[in-house]
Amino acid sequence: MDILASIAERKIQEAMARGEFDNLPGRGKPLVQEDLSGIPEELRMAYKVLKNAGCVPPEVELVNEVQSLRRLLLDLDDGEERRKKVRELNFKLMKLEIALKRPVSLDLFPQYQDKLLDTSK
């Protein structure tokens, strides 16, 4: 064992003897293993650090905002506020599609689909 590992081990043993680990949250419970298989190995540590700091990628933040707006729209009656939130939701959906580099799907915007596909004009 190298010198740093032995020093670390000694410090851990001393802290255990003093009871500093006795009241830690989650004591006696299994550790929750995160599935990081979808993240390239060289980026996993960076993602973990950012996640622990409360930072999320912009795409994830946008998905959360879209879900929140959809839930809000379920409770809003027809009116100007609802129309405003629908426009905001449509904008965020389009922004999300662009951020994910996917072609914009007309299924996300049914109110415009007929207008865009109408060839009679």
Side-chain angles (χ1 to χ4, degrees):
M1 193 181 288
D2 70 348
I3 187 73
L4 292 178
S6 63
I7 291 171
E9 185 62 33
R10 185 173 42 93
K11 294 282 187 185
I12 291 169
Q13 293 299 324
E14 290 170 1
M16 286 173 60
R18 289 189 303 268
E20 292 182 24
F21 299 133
D22 291 348
N23 295 318
L24 293 176
R27 182 173 186 253
K29 297 177 186 168
L31 293 175
V32 177
Q33 297 291 324
E34 291 184 67
D35 179 20
L36 300 176
S37 61
I39 299 171
E41 192 171 332
E42 65 274 8
L43 296 177
R44 288 180 186 168
M45 183 57 71
Y47 274 83
K48 189 88 166 136
V49 168
L50 288 171
K51 181 181 176 203
N52 290 343
C55 298
V56 294
E59 297 84 8
V60 172
E61 192 172 323
L62 205 49
V63 166
N64 292 339
E65 290 174 14
V66 164
Q67 291 172 342
S68 176
L69 278 168
R70 283 183 169 155
R71 284 191 301 272
L72 177 65
L73 283 170
L74 292 174
D75 296 330
L76 286 177
D77 294 330
D78 282 340
E80 186 57 34
E81 182 66 22
R82 181 180 176 80
R83 283 189 290 280
K84 200 159 102 174
K85 292 298 178 188
V86 166
R87 283 193 300 271
E88 185 180 347
L89 175 61
N90 289 339
F91 174 75
K92 289 184 188 258
L93 284 169
M94 188 173 298
K95 194 172 170 183
L96 181 61
E97 292 293 314
I98 291 168
L100 296 175
K101 294 179 176 59
R102 296 190 303 210
V104 176
S105 170
L106 293 178
D107 294 335
L108 295 174
F109 309 99
Q111 66 274 30
Y112 302 120
Q113 190 170 10
D114 292 336
K115 293 176 187 176
L116 290 171
L117 296 176
D118 184 11
T119 57
S120 66
K121 293 181 182 178

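Please read these numbers as outputs of a predicted model, since none were measured by experiment.
- The CG atom of Asn64 sits 11.5 Å away from atom CG of Leu69, with the distance rounded to the nearest 0.5 Å.
- Note on Arg87 versus Glu80: salt bridge recorded, some NZ/NE/NH1/NH2 to OD/OE distance being below 4.0 Å.
- Expressed to the nearest 0.5 Å, how far CZ of Phe91 lies from CG of Leu62 amounts to 8.5 Å.
- Here Arg10 pairs with Glu14 in a salt bridge; the nearest charged N to carboxylate O distance falls below 4.0 Å.
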*Apply side-chain contact (heavy atoms from CB on, under 4.5 Å) to Ile12 and Met16, showing your working.*
CA-CA 6 Å; Ile12 291 169; Met16 286 173 60; 3.9 Å; yes
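- Residues passing the side-chain contact (heavy atoms from CB on, under 4.5 Å) test with Pro40, sequence neighbours excluded: Glu42, Leu43.
- Counting heavy atoms from C-beta outward, Val66 and Glu88 have side chains that stay 4.5 Å or more apart.
- Taking 4.5 Å as the limit, some side-chain heavy atom of Leu76 sits within range of a side-chain heavy atom of Leu73.
- In this structure, the side chains of Lys85 and Leu89 stay at 4.5 Å or more apart for every pair of heavy atoms.
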Report all side-chain donor-acceptor pairs from residues 24-35 shorter than 3.5 Å, counting only partners two or more places apart or in another chain.
{"unit_1": "Arg27", "atom_1": "NE", "unit_2": "Asp22", "atom_2": "O", "d": "3.4"}
{"unit_1": "Glu34", "atom_1": "OE1", "unit_2": "Lys51", "atom_2": "NZ", "d": "2.7"}
{"unit_1": "Glu34", "atom_1": "OE2", "unit_2": "Lys48", "atom_2": "NZ", "d": "2.3"}
{"unit_1": "Asp35", "atom_1": "OD1", "unit_2": "Ser37", "atom_2": "N", "d": "3.1"}
{"unit_1": "Asp35", "atom_1": "OD1", "unit_2": "Ser37", "atom_2": "OG", "d": "2.7"}
{"unit_1": "Asp35", "atom_1": "OD2", "unit_2": "Ser37", "atom_2": "OG", "d": "3.4"}

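- Residues Asp77 and Arg82 have side chains not in contact (no heavy-atom distance under 4.5 Å, counting atoms from C-beta outward).
- Both Leu72 and Val86 are members of a single hydrophobic cluster when ILVMFWY side chains are connected at heavy-atom separations under 4.5 Å.
- Side-chain contact check for Met94 versus Glu97: every heavy-atom pair is 4.5 Å or farther apart.
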